[in-house]
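Data block below; observations after.
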Amino acid sequence: MANGKKQNIALFDFDGTITERELFSIFLKYSASRMRKTIGNLIILPFYILYKRGLLSSIALRKMSAFLALFGRKFESLNQQGKQFSTEIIPQYLRKNALERILYHKLQGDTVVVVSASLNLYLTHWCQEQGLALICNEVALKNGYATGKFVADDCSNEMKVKRVLSQFDLSNFDQVFAYGDTEEDLAMLKLADVKYMGWQIYG
């Protein structure tokens with residue numbers, strides 16, 4: 001910058017931080033056919049019970065749910081549904097204070113990045129509309145069809161840190177801000193000079 005001051009960078013989790021609840025499962029239900037939802041619910045139910053009892057990780061459940069909902073589906077159709085989801089559904093769940101904080105950082109000239117275990121199918125469209133950078137779970141494709149898997153490891157915990165550091169040299173920024181709401185965000189918050197957990201100053 002002209003005055004020699006470096007930019008700041010602000011890292012925002014999405015589900016539960018920018019939004020009032022997680023939208024990953026909402027999108028899977030939104031985009032799946034009735035038959036796929038019925039079959040998927042029957043298959044996932046015992047694993048969901050294990051998850052609620054602390055016997056299965058959220059990461060494992062997320063991967064299984066994505067596979068059941070997305071495997072074998074055309075990317076063109078999923079992408080269109082994601083675009084509709086970003087304009088019709090996401091706005092219903094946005095936190096006013098989160099939008100205000102994002103706007104604050106943008107007005108300061110900061111780099112604002114959404115770092116999320118949610119899906120690129122809808123986050124790409126929403127972040128483009130908001131003028132935000134994005135790091136998230138990307139749906140793997142083969143010949144134009146979703147494989148049901150992610151391109152890389154689940155974008156949570158330490159993977160959030162690895163993905164951020166692979167795209168940004170944090171030493172180029174004056175301050176690092178980070179915003180999260182669950183244990184999956186703690187590793188990312190350790191990168192920050194100023195950190196928020198559940199919209200409360202953390203650490």
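Residues take their numbers from the sequence shown, with the count starting at 1.
Under the 30°/60° scheme for interplanar angles, the aromatic rings of F67 and F71 are found to lie parallel.
Rounded to the nearest 0.5 angstrom, K29 NZ and F24 CZ are separated by 12.0 Å. For the atom pair I43 CD1 and T38 OG1, the distance stands at 11.0 Å (nearest 0.5 Å). With rounding to the nearest 0.5 angstrom, the NE2 atom of H125 is 10.5 Å from the CD atom of Q81. To the nearest 0.5 Å, the span separating CD1 on I26 from CD1 on I89 amounts to 8.5 Å. Taking CZ from F27 and OG from S86, the interatomic distance works out to 9.5 Å, rounded to the nearest 0.5 Å. Here E100 contributes atom CD and L107 contributes atom CG; the two are 11.5 Å apart, rounded to the nearest 0.5 Å.
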For residues 195-203, dump all side-chain donor-acceptor pairs below 3.5 Å to protein atoms at least two apart in sequence or in another chain.
unit_1, atom_1, unit_2, atom_2, d
K195, NZ, L189, O, 3.3
K195, NZ, A192, O, 3.3
W199, NE1, T17, O, 2.9

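In terms of heavy-atom proximity, I44 sits nearest to M64 at CD1-CB, 3.8 Å. Of all heavy-atom pairs spanning A66 and L28, the tightest one is N-CD1, 4.0 Å. Heavy atoms only, all atoms of each residue included: F173 and T111 are closest at CE2-OG1, 3.6 Å. The nearest pair of heavy atoms linking K160 to C155 is CE-O, 3.4 Å. Shown here for F14 and S116, the closest heavy-atom pair between the two residues is CB-OG, 3.6 Å. The nearest pair of heavy atoms linking A32 to K37 is O-CE, 3.5 Å.
Residues L141 and L78 share a single hydrophobic cluster, defined by chaining ILVMFWY side chains whose heavy atoms lie under 4.5 Å apart. Neither L61 nor I49 shares a network with the other; the hydrophobic side chains, linked directly or stepwise wherever heavy atoms of I, L, V, M, F, W or Y lie under 4.5 Å apart, form separate groups for each.
Between W126 and L132, some side-chain heavy-atom pair lies under the 4.5 Å cut-off. With a 4.5 Å cut-off on side-chain heavy atoms, F75 and L121 count as touching.
Residues S58 and E184 have side chains that bring a donor and an acceptor to within less than 3.5 angstrom of each other.
With a 6.0 Å radius and a threshold of 12 heavy atoms from other residues, nucleotides or ligands, E183 has its CD atom at or below the threshold. Heavy atoms from other residues, nucleotides or ligands lying under 6.0 Å from NZ of K83 number 12 at most. A 6.0 Å sphere centred on NZ of K149 holds no more than 12 heavy atoms belonging to other residues, nucleotides or ligands. Annotation for Q92: atom CD counts as buried by contact number, over 12 foreign heavy atoms lying within 6.0 Å. Other residues, nucleotides and ligands contribute more than 12 heavy atoms inside 6.0 Å of the CD atom of Q167. Within 6.0 Å of CZ in F168 there are more than 12 heavy atoms belonging to other residues, nucleotides or ligands. Y30 OH: more than 12 foreign heavy atoms inside a 6.0 Å radius.
D185 places a side-chain N or O within 3.5 Å of a backbone atom of D181 that can act as its donor or acceptor partner. A donor-acceptor pair is defined here as one N or O able to donate and one able to accept, closer than 3.5 Å; no such pair exists between the side chain of N137 and the backbone of L119. Without hydrogens or angle criteria, R95 side chain to T19 main chain gives a donor-acceptor distance under 3.5 Å. Between the side chain of N120 and the backbone N or O of V139, at least one donor-acceptor pair lies under 3.5 Å. Of the possible donor and acceptor atoms, one in the side chain of T87 sits under 3.5 Å from a partner among the backbone N and O of Q84. Q108 contributes no side-chain N or O that, together with a main-chain N or O of D110, makes up a donor-acceptor pair within less than 3.5 Å. Between the side chain of D193 and the backbone N or O of V176, at least one donor-acceptor pair lies under 3.5 Å.
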Do I102 and Q130 pass the side chain to side chain contact (heavy atoms under 4.5 Å, CB included) test, and can you show the C-alpha distance, the side-chain angles, and the key distance before you say yes or no? CA-CA 9 Å; I102 289 171; Q130 301 299 318; 5.9 Å; no

Derivation and outcome, side chain to side chain contact (heavy atoms under 4.5 Å, CB included), residues I59 and N157: CA-CA 10 Å; I59 295 172; N157 301 310; 3.4 Å; yes

Would you check, one step at a time, whether the test salt bridge (Lys or Arg N to Asp or Glu O under 4.0 Å) holds for E138 with R163? CA-CA 12 Å; E138 301 175 31; R163 295 280 299 275; 3.4 Å; yes

